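Just below is one structure, and these are the notes that go with it.
Counting begins at 1 with the first residue of the sequence. Computed from a prediction, not measured in an experiment: that's the story for all the values here.
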Amino acid sequence: MPLPLSAERTVAMRFAIPLLGALLAGCTAFERGADQGDPPTDPVTGCPDLSGRYALQPLTEDGDPVPGVDPAKPSRLDGEVFSPRGVPGSGSGAGDLTQYEGVVVRSDGTHAIELHFVRSFGNVMAELEAIREYQRPRYAEWYALMQPSSREAFVARNGEPALQARLRELGPATGNVVRLDRGRDFTCEDGWVVLPREHLAPVRMTLDDGGHLVFESKEWTYTAMGGWGDQSWRVPTGAYLGTARWARDASMQPWDADRVSQGYVFARPADAIEQEQAVAAASARRSAERRYADPDAVRDALQPLLPAGVTIESVEIAQLPFIGHRVRVHAVPSDPLMDGEEQWRRLEWFPAALKEGDPGHIEDREVIKRVISSGGKVRHEFEIFLDTHPSVQPPSEPVLVSFTPAPGSPAADATAAPVQPATPRPGGEMAASNPPPAGFAPLAEVETRIQPFLAAGCRSTSLRYAGDAVIIVGEADEMRCVSNTLRAIDGLVSPSGARVELMQVAADAAGHYRFEIRLPSSSLTKAG
């Protein structure tokens with residue numbers, strides 16, 4: 001429920017520098033020298049023109065930075081400097097000066113002064129990241145409106161002011177804006193802007209001869225530190241005591257998304273990233289399923305290698321961190337009453353038998369050994385992850401499917417004439433008359449890029465464009481060569497969410513193959 005106007009003004013006034021706390025502690029009252037003159041005057045209000053940008057950097061009476069404070073790094077002052085937390089529309093921590101690094105004072109040339117307290121860049125970005133993680137629909141809309149296409153469509157429908165208002169509503173809090181009206185909120189007295197106020201300590205502001213913003217207050221703040229925590233007391237005074245200065249800093253400006261985006265790349269919505277990761281993971285799993293034999297076939301192929309007393313509990317395609325997909329074989333003792341040492345000895349025979357069929361290709365990190373103790377009984381089990389072992393390779397027998405060469409392709413109809421063994425050649429035949437579609441490299445360049453991915457025994461004979469992909473037509477001496485080629489290309493393409501497909505393959509009586517692979521738009525096909 002919105003606050004009444006009077007209530008909103010009271011809360012805003014509580015934010016408008018009711019007490020400078022540590023800034024004023026130990027300072028003396030400010031006195032303008034005879035040769036200093038009055039500060040610039042607003043011709044409309046007749047009050048001092050305080051317009052400018054200021055860093056929350058305390059200064060000494062001489063206008064120098066307080067010793068030990070780096071002027072390039074405005075100090076972060078603790079304590080309740082502005083107001084209690086929870087000012088409407090100000091975001092969390094509005095009353096904590098550590099959230100802010102400056103203030104922009106503006107006179108609108110009429111009867112008001114506007115103070116925009118500048119929240120620090122780090123705090124704004126931290127809140128933006130929290131919105132991205134925990135308020136995902138809100139961040140997704142904000143991020144979309146930052147993109148040129150969505151931005152133009154929104155402006156066309158609603159106008160630029162509505163866009164900026166929506167971005168402010170969806171984005172992080174950039175700092176409180178306090179508007180002070182003359183007469184109701186402040187008066188002008190002897191070159192000072194005075195905020196008399198009934199419920200808060202009176203404060204007055206002016207400029208010194210260095211152009212710094214000067215504050216004085218009719219109240220002291222005393223802070224005691226102890227084991228029970230810091231405690232602060234406000235002590236009213238009958239006169240303006242203590243002076244605080246904020247240094248003029250022309251670079252101080254509120255956080256603005258459009259300006260920040262010129263030198264900073266905002267993170268994409270978390271849901272979009274997670275969706276892409278899920279697509280990439282599914283693509284990688286499909287690729288693994290294509291390059292390995294069926295789990296039941298793997299189990300059958302491993303049965304002759306099992307030592308007596310060892311059985312295979314499960315076979316599945318699994319993923320190892322930092323390694324990729326492998327065929328996981330879970331081996332356990334067939335007799336749960338077998339002695340523990342005997343279980344271990346027999347299980348050790350299994351990896352040894354596997355290495356004889358695939359020497360040097362089963363690394364220690366791909367054999368996980370476990371010992372499970374329960375009810376006084378011990379059970380040993382092994383998980384072995386296979387990749388190049390013959391038992392996990394796809395079948396190598398000829399695979400016959402219908403094969404229709406593309407129009408103009410130099411490949412002969414596999415059903416009309418047997419395929420003759422091809423001799424290796426430096427490059428395939430390209431359809432030179434077919435110009436590259438937008439964003440695609442010439443076929444000759446694509447041919448050069450894919451050569452390192454063609455497994456031994458595979459050769460490309462022609463390439464052609466097909467919509468958003470390139471079709472590779474080739475010859476192979478064996479089916480395993482085609483599988484290894486698919487696996488190599490997919491390893492490069494799948495992380496981006498794309499999918500390499502084996503479209504057609506045919507074999508002749510001599511066991512030679514022709515194949516077509518669909519290569520999606522990727523680093524292998526893109527121009528440049």
For [Y], does its backbone N or O pair with a side-chain atom of [X] as donor and acceptor, under 3.5 Å?
{"X": "Ser150", "Y": "Gln147", "value": "no"}
{"X": "Asn158", "Y": "Ala162", "value": "no"}
{"X": "Glu127", "Y": "Ala173", "value": "yes"}
{"X": "Asp256", "Y": "Arg259", "value": "yes"}
{"X": "Thr206", "Y": "Gly191", "value": "yes"}
{"X": "Thr485", "Y": "Ala455", "value": "yes"}
{"X": "Tyr465", "Y": "Leu443", "value": "yes"}

Cationic N near anionic O, under 4.0 Å, [X] to [Y]:
{"X": "Asp271", "Y": "Arg132", "value": "no"}
{"X": "Arg136", "Y": "Glu274", "value": "yes"}
{"X": "Asp468", "Y": "Arg518", "value": "yes"}
{"X": "Glu189", "Y": "Arg204", "value": "no"}
{"X": "Asp490", "Y": "Arg487", "value": "no"}
{"X": "Arg326", "Y": "Glu316", "value": "no"}

- Query: How far does CZ of Arg182 sit from CD1 of Ile113, to the nearest 0.5 angstrom?
  - Reply: 9.5 Å

- Rounded to the nearest 0.5 Å, how far does CG of Leu167 lie from CE of Met146? 6.5 Å

- Does any non-hydrogen side-chain atom of Tyr100 lie less than 4.5 Å from one of Asn123? no

- Query: So, do Arg248 and Arg53 sit near enough that their side-chain heavy atoms are less than 4.5 Å apart?
  - Reply: no

- Query: Going through the distances and angles, do Glu516 and Arg464 end up as a salt bridge (Lys or Arg N to Asp or Glu O under 4.0 Å)?
  - Reply: CA-CA 11 Å; Glu516 283 195 9; Arg464 70 177 187 274; 3.4 Å; yes

- Identify the residue among Arg168, Glu160, Arg166 that makes a side chain to side chain donor-acceptor pair (under 3.5 Å) with Gln164. Glu160

- For the residue pair Tyr139 and Trp142, categorise the inter-ring angle as parallel (less than 30°), tilted (30 to 60°) or perpendicular (more than 60°). tilted

